[in-house]
Amino acid sequence: RAQQALHELGRALGPAACHMLPVNSAPGPSPTPHAEWASVPAPPGAPAAGALMSESDVAGIAGFARTQLCRAVIHQLQGRLQALETLVKEKRQGLKNSFRSWI
């Protein structure tokens, strides 16, 4: 069912925009969950938070977060760079015009 939903999203948004991120794929609870989840309280009667996550789950989540963060930061930097480029261009035009008025 999840594969079908992923396939439908891939058709609608493009395959590069859709990824499946497996979570809790470990065969059984780990006695020592990953350090990233140590401060998260588990519900009563449930295994510790992150105890069902395999190493590949943790690596996948870290990679996903890193990719999304880089995309967001790069997008913001591109916007700021364009704004700065426009400002510099306007200032140069103003400087040329002020020199022409002296001549």
Contacts table for residues 71-80: side-chain donor-acceptor under 3.5 angstrom, sequence neighbours left out:
none

Quick one: list whatever passes side chain to side chain contact (heavy atoms under 4.5 Å, CB included) with [X], sequence neighbours left out.
| X | value |
| --- | --- |
| Leu21 | Ile61, Phe64 |
| Leu13 | Leu9, Ala17, Cys18 |
| Arg11 | His7, Glu8 |
| Pro22 | Asp57 |

Show which residues join Leu81 in its hydrophobic cluster (side-chain heavy-atom contacts under 4.5 Å, direct or indirect), or state none. none
For Ala49 against Ala42, the heavy-atom pair lying closest together: N-CB, 3.8 Å
More than 12 foreign heavy atoms under 6.0 Å from CD of Gln68: is that the case here?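 Counting other residues, nucleotides and ligands, CD of Gln68 exceeds 12 neighbours.
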